[in-house]
4 protein chains.
Amino acid sequence: MQSRSPTGRAGRAGRPRSAAADTAILAATRAALVELGWSKLNLGDVAARAGVAKTTLYRRWPGKNELVVDAVAELFDELELPDRGSLAADIEGVVRQFAAILERPEARSGLMAVVAEATRDDALRARIRALIVDRQKRLVREGRARAQRRGELPAERDARQAARVVDLIFDMVAGAVVHRTLVSAEPADEDWARGFTRVLLCGLFDTGTPGDRR
Amino acid sequence: MQSRSPTGRAGRAGRPRSAAADTAILAATRAALVELGWSKLNLGDVAARAGVAKTTLYRRWPGKNELVVDAVAELFDELELPDRGSLAADIEGVVRQFAAILERPEARSGLMAVVAEATRDDALRARIRALIVDRQKRLVREGRARAQRRGELPAERDARQAARVVDLIFDMVAGAVVHRTLVSAEPADEDWARGFTRVLLCGLFDTGTPGDRR
Amino acid sequence: MQSRSPTGRAGRAGRPRSAAADTAILAATRAALVELGWSKLNLGDVAARAGVAKTTLYRRWPGKNELVVDAVAELFDELELPDRGSLAADIEGVVRQFAAILERPEARSGLMAVVAEATRDDALRARIRALIVDRQKRLVREGRARAQRRGELPAERDARQAARVVDLIFDMVAGAVVHRTLVSAEPADEDWARGFTRVLLCGLFDTGTPGDRR
Amino acid sequence: MQSRSPTGRAGRAGRPRSAAADTAILAATRAALVELGWSKLNLGDVAARAGVAKTTLYRRWPGKNELVVDAVAELFDELELPDRGSLAADIEGVVRQFAAILERPEARSGLMAVVAEATRDDALRARIRALIVDRQKRLVREGRARAQRRGELPAERDARQAARVVDLIFDMVAGAVVHRTLVSAEPADEDWARGFTRVLLCGLFDTGTPGDRR
DNA sequence: CATTAATCGAGACGGTACGTCAAGTCTTGCA
DNA sequence: TGCAAGACTTGACGTACCGTCTCGATTAATG
């Protein structure tokens, strides 16, 4: 998925690419990210850790940015949305999972850096959307559908409206957790997740006692 | 404010630092950020643009990271919170202003990059908090106080609770706008701002027709 | 000879070093020495003249000192000792040749400078001895052997004594020419060479009319 | 002597220059030369050691080269030529004294370096001649006159011839000691001094048993 | 089963930017 | 005015990575 195939139609003649190398390189990238952080990360070091030549790495990825997107994207594939019985519980659960990933240094260092690079690189931005953003929106879609099945949320008027709502919620949830964790640099712990979920579901105008609606 | 004072007690002996240089350097930094972006930004170029020697720059800032934090921080000082008559209108206004800043390439490139670097640099994180985060929380505090005066929001139980709410709202607003703009890479336009404000104030459970409560 | 070989056993793996680069760099060093002199000589300029990256230069030589020793050493390899029929004529010949080399600006600037640096750098001193001093002592040894074959000089008692005499003569000849040329800054012309040779062979006590013994 | 006087006639107006400063600066230069050597020597450090501002230093000397010539020249003024009873003994004595000075790091590092610089700087070359070369030729002149008084050496035909001989002997003695000490990097000890003196006085053709003529 | 064509390791290559250091000048304020 | 302090411009330093290249040595699938 993440590496371009060497030929247009099919890997015809010649020695085929080592499948193990891809795995080793991505793992080495994460390891290097942990030790060195984004700015000191260098592809020569990654190649050495993976037991691979620098040329092998450049044959498969265009550069540092794309490599790190791929390496970080795999982290977010761990996210799951088990049914915790209510929308509030589901949200709190995914917020805590997301926060846990963002505690890991390989995610912290890498994620914001590639987003920063993506502000000036359309292809990179597309890659991030495809491998991280769009892929994790499944969580919002699934949680929303489940809540609608439970009757907690109304159905949307149409598909366009549904997509807009999913996008908005994703930006609100992911944005708040990322901002709390990386910009404000405070832990997104259980208390914070509960407060956040309350506002997200009931709004700031809500005056009810905590826990009444869940 | 952003530059270290040259002496511990008082700038007594020797030639004093040129005050104009600071201004020129920060402006040059933003200009270079627009043209080159974070990753191609180099201090030699910044120094040349500012009409200043590279050593002068290094005498005043420890490095690229701190320089960019200072340069970007000035951008956010433009944010204002004029009274638009209702909390909803105030939020929409500040969201649109914030989004407008994040459209500017010097902010886009710089902000996420320094946040990324700050994940491995405590001093840098502190600098970001002091110059950007804590400074802009004034907007949340002011908006909240104004809404309480209008009777739109209840008063907090105590100061600790108030601070927690301010922090939460700041992360939710800033996080959502940043994520929408930089990660999802979609415009935070008027429509989006309205939808966001609605959810923030009324929550996802809200079923009222749009506009009833504002 | 002057560049370190990249591998211990044999230059096997990896791209081999360009052989032409060594030649180009040493020639560029001499050219830069002529134009700029030692103190203004800089490796960036040398690299540019040689059409080579600065890193290539640093990969092969530790620094300016060693590079200049190698570049200057090649100049002295031009020295020859053709048989002019008598020891006096041979000495005058080599003195004039040596003086001619020291007229050249690349030798003038470089030689004394590296000797100066070598006063605080053992490795550099060893390099000078190996590439310049010991290499040119061949001239003294050869001239002495030839004079002994002619019967002009007696044979030494033993090898140790021979080595001491060779060292002494080398220091006297080279020292006098260098001092005349660079310190006193007077030309070591034919007249001077004749006077010097007379004293070296006959001593200050000699009272004979010039030319009687040759 | 070595510093230019600030005004044409007398240091009249304004604060007069501190006389102690000159002494302190030259001493500091030698101290820095011992610790750092020529190439690492820097005028900021010298100024600090001398308890003087860098500007003061530049007001009195044009630069590093001239400063070091002055500092080193003072060392050679220590040379003396006590009457040891014979020309051979006088020469051996001065050779040993000269060698002793060249053992001192401040002389080793500085002397060759300024000679190297002087190859491209006429004013510097003149300064070296005036302060070092010409000044120490007094030793040769005095030794020669003494030997003539003793009857060891004949008188010259005329003054021009006398000057040529003095120059030649000076270059031979100083050149040999410098070359032995700094280029060959061997000690100019008592043995070497005796061998050198023998050759200088009797020549290489001499076959007599050592010591017969002294 | 030999050929063939791409991949692999290693490492040199031309570049660019780094952050530091020294040279020499300029600008203060004090004596 | 001389002087100490120290900021200033300039420019080289030596290092580290960048992404490309040139090698000789493996490897499969093809012929």
Side-chain angles (χ1 to χ4, degrees), chain A residues 6-7 10-18 21 39-48 51-64, chain B residues 6-7 11-18 21 39-45 47-48 51-60 62-64, chain C residues 6-7 11-18 21 39-45 47-48 50-64, chain D residues 6-7 11-18 21 39-48 50-64:
Chain A
T7 66
R12 230 191 19 83
R15 176 174 173 175
R17 287 189 179 165
S18 158
S39 61
K40 309 243 183 263
L41 180 71
N42 63 67
L43 298 197
D45 187 290
V46 170
V52 140
K54 205 157 51 118
T55 35
T56 298
L57 210 153
Y58 276 106
R59 216 174 283 122
R60 300 178 187 212
W61 281 274
K64 184 167 152 171
Chain B
T7 64
R12 229 194 21 82
R15 176 175 173 176
R17 288 191 178 165
S18 159
S39 61
K40 310 247 183 261
L41 180 71
N42 60 315
L43 297 196
D45 187 291
V52 141
K54 205 159 50 123
T55 38
T56 297
L57 211 153
Y58 277 106
R59 208 176 291 118
R60 300 177 186 214
K64 186 167 152 173
Chain C
T7 63
R12 230 190 25 79
R15 176 175 172 174
R17 286 191 177 167
S18 159
S39 62
K40 309 244 183 264
L41 179 71
N42 61 337
L43 297 196
D45 186 292
V52 140
K54 201 157 56 114
T55 39
T56 296
L57 212 152
Y58 277 108
R59 211 175 289 121
R60 300 178 185 214
W61 282 275
K64 186 168 152 172
Chain D
T7 65
R12 223 191 26 79
R15 175 171 168 181
R17 286 190 178 168
S18 158
S39 61
K40 310 244 184 263
L41 180 71
N42 62 71
L43 298 196
D45 187 289
V46 170
V52 142
K54 209 155 48 122
T55 35
T56 298
L57 209 153
Y58 276 105
R59 213 174 288 121
R60 300 178 187 211
W61 281 274
K64 187 167 152 172

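Throughout, a chain's letter reflects where its sequence line sits, starting with A, and its residues are numbered from 1.
Remark on DNA chain F: of its neighbouring residues D/Gly51 and C/Arg59, the 5'-side contact belongs to D/Gly51, judged by nearest-heavy-atom nucleotide. For A/Thr55 and A/Leu41, each mapped to the nucleotide of DNA chain F holding its nearest heavy atom, the one lying further toward the 5' end belongs to A/Leu41. In terms of position along DNA chain E, the nucleotide closest to C/Ala53 lies nearer the 5' end than the nucleotide closest to the other residue of the pair B/Gly44 and C/Ala53.
The two residues C/Val52 and C/Ala21 make their nearest non-hydrogen contact at CG2-CB, 4.2 Å.
Here the NZ-CG distance, from D/Lys64 to D/Leu57, works out to 12.5 Å after rounding to the nearest 0.5 Å. Going from atom NZ of C/Lys54 over to atom CG of C/Asp45 covers 12.0 Å, rounded to the nearest 0.5 Å.
For E/dT7, the base has no donor-acceptor partner in the side chain of A/Arg17 [N/O atoms by modelled type, under 3.5 angstrom]. For E/dC8, the base has no donor-acceptor partner in the side chain of A/Arg15 [N/O atoms by modelled type, under 3.5 angstrom]. Contact annotation: side chain of A/Lys54 to base of E/dG11, donor-acceptor pair absent below 3.5 Å.
With a 4.5 Å cut-off on side-chain heavy atoms, D/Trp61 and D/Leu43 do not count as touching.
Atom P of nucleotide E/dA6 and atom CZ of A/Arg60 are separated by 16 Å, given to the nearest angstrom. The OH atom of A/Tyr58 sits 4 Å away from the P atom of F/dG19 (whole-angstrom rounding). Atom-to-atom, CG of B/Leu57 to C1' of F/dT9 comes out at 13 Å; the value is rounded to the nearest Å. Atoms NZ (B/Lys64) and C1' (E/dT16) sit 12 Å apart, rounded to a whole Å. To the nearest angstrom, P of E/dA17 lies 17 Å from NZ of A/Lys40. Protein atom CG of B/Asn42 is 5 Å distant from nucleotide atom P of E/dC18, rounded to whole Å.
Contact annotation: C/Thr56 side-chain N/O to E/dG14 OP1/OP2 distance is under 4.0 Å.
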